Amino acid sequence: MLDPVAVGALPVRTALARELLELRPTVVRGNASEIIALAGAGGGGRGVDSSDGVEAAEEAARRLADATGGVVAVSGPVDLISDGTRTARIANGDPLLTRVTGGGCALGAVMAAYAAVDEDPFASTVAAVTAYTVAAELAAKQASGPGTFAVAFLDALAALRESDVVERAAVS
């Protein structure tokens with residue numbers, strides 16, 4: 001699992017992420033600007049924030065997936081996942097998730113856990129992102145702001161049921 005935080009915006013991180021990319025990670029996850037920069041097609045975003053839309057990163061995601069033989073997930077309002085051949089879009093989640101520090105890092109951990117128990121990295125990544133973003137939707141129903149959302153989100157992840165995911169999944 002490679003999460004190239006602030007790649008493109010910070011030269012030291014960019015160089016290290018490109019080195020790590022040569023190890024062919026099973027999954028790479030980042031925002032659109034990070035994925036574009038990691039693919040060598042842009043200069044990155046504003047620190048850890050993306051200045052590009054998810055769709056702008058689709059070709060870069062496919063190229064990175066082809067280069068690593070793995071899966072690339074681009075986080076955004078509609079997440080994009082590609083293994084170079086297959087592509088999925090997941091339209092679940094809630095804007096409050098972007099207001100909690102470490103949300104992307106936690107998603108990376110969930111993705112790594114799912115990848116550890118499934119032989120198909122594409123399927124495990126789609127499942128992980130779907131479960132994570134459905135939990136965000138459930139948590140947002142109870143939250144009055146980012147603070148209460150963070151706690152409700154942890155609870156929603158812990159209590160998530162297969163039926164919640166099946167009923168709410170917006171995967172295409």
Side-chain angles (χ1 to χ4, degrees), residues 1-7 17 25-36 38 45-58 61 64-65 68 70-83 86-172:
M1 175 72 222
L2 173 62
D3 185 352
V5 177
V7 164
T26 302
V27 181
V28 176
R29 188 219 67 84
N31 67 40
S33 294
E34 292 164 340
I35 296 302
I36 291 168
L38 189 59
R46 299 175 303 269
V48 298
D49 294 323
S50 185
S51 56
D52 296 289
V54 171
E55 292 303 317
E58 184 171 0
L64 284 174
T68 63
V71 175
V72 177
V74 185
S75 297
V78 175
D79 300 297
L80 180 134
I81 299 165
S82 178
D83 66 0
R86 299 174 288 179
T87 300
R89 287 172 176 73
I90 302 168
N92 292 99
D94 190 89
L96 280 171
L97 192 54
T98 66
R99 298 186 57 205
V100 176
T101 301
C105 297
L107 173 56
V110 170
M111 293 165 80
Y114 274 63
V117 297
D118 191 326
E119 291 182 19
D120 181 351
F122 179 79
S124 70
T125 302
V126 170
V129 173
T130 303
Y132 193 85
T133 55
V134 165
E137 289 178 353
L138 295 171
K141 287 181 168 185
Q142 303 171 28
S144 58
T148 54
F149 173 79
V151 173
F153 179 61
L154 291 175
D155 289 344
L157 273 175
L160 193 64
R161 297 170 305 180
E162 181 180 350
S163 61
D164 295 325
V165 178
V166 170
E167 289 169 14
R168 299 182 72 89
V171 180
S172 61

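Nothing here was measured: the structure is a model prediction, and the numbers come from that model.
Side-chain contact between Val117 and Ser124: absent, with no pair of heavy atoms (C-beta onward) separated by less than 4.5 Å. Arg86 is listed as a side-chain neighbour of Asp120, based on a closest heavy-atom distance under 4.5 Å. Using a 4.5 Å heavy-atom threshold, the side chains of Phe149 and Val100 count as touching.
Interatomic distance, OG1 of Thr130 versus CG of Asp164, reported as 13.0 Å (0.5 Å rounding). Atom CD of residue Glu55 and atom CZ of residue Arg89 lie 4.5 Å apart, to the nearest 0.5 angstrom. Residue Phe122 holds its CZ atom at 7.0 Å from OG of Ser82, rounded to the nearest 0.5 Å. Note that the CG atom of Leu138 and the CG atom of Leu160 stand 6.5 Å from one another [nearest 0.5 Å]. A distance of 12.0 Å separates CD in Glu137 from CG in Leu96, rounded to the nearest 0.5 Å. Taking CG from Leu38 and CG from Leu64, the interatomic distance works out to 5.0 Å, rounded to the nearest 0.5 Å.
Qualifying side-chain contact (heavy atoms from CB on, under 4.5 Å) partners for Thr26, counting only residues two or more places apart in sequence or in other chains: Pro121. Taking the side-chain contact (heavy atoms from CB on, under 4.5 Å) definition, one finds that Ala61 meets it with Ile35, Val72, Val74, Leu80, sequence neighbours left out.
Closest heavy-atom contact between Gly104 and Asp3: O-OD2, 3.8 Å. Of all heavy-atom pairs between Ala152 and Gln142, the closest is CB-OE1, 4.2 Å. In terms of heavy-atom proximity, Ala73 sits nearest to Ile81 at CB-CG1, 4.0 Å. Gly108 and Arg29 make their closest contact through N-CD, 4.4 Å (heavy atoms, listed as atom of the first residue, atom of the second, distance). Between Val78 and Ala91, the closest heavy-atom pair is CG2-CB, 4.1 Å. Minimum heavy-atom separation, Pro4 to Val28: CD-CG1, 4.2 Å.
Tyr132 places no side-chain N or O within donor-acceptor distance of the main-chain N or O of Ala106, the cut-off being under 3.5 Å. Checking side-chain atoms of Asp79 against main-chain N and O of Gly76 turns up a donor-acceptor pair under 3.5 Å. In this structure, the side chain of Asp94 does not engage the main chain of Ala139 through any donor-acceptor pair within 3.5 Å.
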